[in-house]
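Only one structure is covered here, and it is reproduced in the block below.
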Amino acid sequence: MRSTRLLAIGCTLAAITALLAGCTAAPASPENAMPRIVPQPATVSAQDGGRFELTSSSRIVASGDGGRAVAEFLGERLRTATGYELAVSDGTDAGAHDISLAITPDGTSAEPEAYGIRSSTEGMQLTAATAEGLFRGAQTVRQLFDPTIEGQVPVQQDWTAPAVTIADHPRFAYRGAGLDVARHFFSVADVKRYIDDIALLKINFLHLHLTDDQGWRIQIDAWPKLTEIGGTGAVGLASGGFYTKADYAEIVAYAASRFITIVPEIDLPGHTNAALASYPELNCDGVAPAPYTGIEVGFSSLCIDKDVTYTFVSDVLRELAAMTPGPYLHLGGDESLSTPPADFERFIQRVTTDAAAQTGKTIIGWHEMGKATGLPAGTIGQYWSFVQPQEGAEDETRTFVNGGGKIIYSPADVAYLDMIYDDDTRFGLSWANGPTSVHEAYMWDPTEIVDGIGEKDILGVEAPIWTETLTNMDDVEYMAFPRLGSIAEIAWSPAPKDGKRDWDAFAPRAVALCNRLAALGVGFYHAPELPWD
Ligand code: TNX
């Protein structure tokens, strides 16, 4: 009785508001039913008819190699808030209230991450040619339901999804998030938490910045003091830490369960104070510097003319490659401001063609690596200059493409998640053209940065998060969200029509993302430019 009356008052108020606004309430149209998904799928069409409904007897029905694991993942996400059992079963006999996940090889394996969804009163069907495609599609399935479905306690409400047909695939093969575990150390549990966060946005690479002046975070058996000495500190008074090989394997495996590949970075030849402090013989003068706990960059360098430098690099890269199943090793190469330019070029050329080449991995380097000639064909450049390139950045970036490689775009003024949002942000840096709003993080396109580098030359987009000022995962999540949503959409969704990105279409979806993060217990920045509901 009471709720009917409240409903009646609510309807009357809505009618009065509509009258005052000089218009009548819009009829329910397919448009109104559009689900709010980040990143926006390639095509979504709303269908007539009723909504798909989950009930207490709904099942998740899986078929195909690897389908069951994705079904378990989805079930785990949806069980707590619904309070439903959502039993996973093998087969194809799904009913009208079941979600079916099917791997159906269709000969189009050229696009392994593509998937399709049909949802209606007849059931919800997710199909893909690979388990990976199914997993990406499962992130969309989550977002077809109200954000509260991600809640950590049971919630009493109906759980329905709009009737839609979705066909989706990524624009770029590489959609990355970067995490600096060197300035501050993040535990295995922290990294797993971030992996879960980024998986929702269909991110498929996690770049771990494992070494820097302040810390060396990965066990290397041939050089144990790297972690014994170089792993102990961090920025300021924070304590350090490092990953044993078992820890690293655990991270790699957890990421793989979310179809995310780890890209390890050993930053060379600058950003190496932690290594230099661990082994005096790596220094030109044979004297180990003190550990570093500040946040300056550009003061350290390996000794380019010593043979031991190359033994060191070769041992580190060999061990790192052996523990990394993914195709890439990142060798850094940025801000080597205290390495004389000729020495820098000689070092990069020697290391990339010898020790790194011997690992069999594809090398990624920050775009300054493009100063060196003779990079192995196919070396990938990661661009960190601005949307308006700084001097030299364009030529350096083109070097990789001229050598048959591709580019990952991480323009610092729009894609660095450690930049402050506004002047009140309580941590973060501002060197990359000041604050970076969610809007700025969204309104750019990787094809518009370096002349001559177009869609086919671009491997993808990555949003790094540097941790000079970020000490824990709450800080990291606050800086990442919702801006990582902006970046993920640039990386996954089709190129904007006529080159124009539609902020007004994105903004309500960013709000839905934040609501979902809130239900998940993930922190985010309450951006004033978003249309909060
Ligand atoms: C630049 S640009 C860096 C990092 C810092 C970051 C802080 C580049 C590849 N490196 O060393 O942590 O700025 O925003």
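Order of appearance sets the numbers: ligands from 1, and atoms from 1 within every ligand.
- For Y115 and F135, the gap between ring centers reaches or exceeds 6.0 Å.
- Judged by the 6.0 Å and 45° rule, R483 forms no cation-pi pair with Y525.
- For ligand 1, the atoms lying closer than 4.0 Å to a non-hydrogen atom of L429 are 7 (C), 14 (O).
- The distance from ligand 1 to the heavy atoms of D418 drops below 4.0 Å at these ligand atoms: 7 (C), 14 (O).
- For the pair R77 and F73, the distance from NZ or CZ to the six-membered ring centre is under 6.0 Å and the angle to the ring normal is within 45 degrees.
- Close contacts of ligand 1 with M419, meaning ligand atoms under 4.0 Å from a residue heavy atom, involve 14 (O).
- What sits closest to atom 10 (N) of ligand 1 on the protein, heavy atoms only, is D334 OD2, 3.0 Å.
- Stacking of R193 on the aromatic ring of F186 is not recorded, the 6.0 Å distance cut-off and the 45° axial limit not both being met.
- The protein heavy-atom contact nearest to atom 5 (C) of ligand 1 is E468 OE2, 3.3 Å.
- Of the possible donor and acceptor atoms, none in the side chain of T379 sits under 3.5 Å from a partner among the backbone N and O of I363.
- Ligand 1 has no atom lying under 4.0 Å from any heavy atom of Q382.
- Residue, atom and distance of the protein heavy atom nearest to atom 1 (C) of ligand 1 are E335 OE2, 3.4 Å.
- Annotation: cation-pi geometry not satisfied between R350 and F347 (NZ/CZ under 6.0 angstrom from ring centroid, within 45° of ring axis).
- Residue contacts with ligand 1 include R183, since one of its heavy atoms falls under 4.0 Å from the ligand.
- Those atoms of ligand 1 with a heavy atom of W431 less than 4.0 angstrom away are 1 (C), 7 (C), 13 (O), 14 (O).
- The backbone N or O of D413 lies less than 3.5 Å from a partner atom in the side chain of T436, making a donor-acceptor pair.
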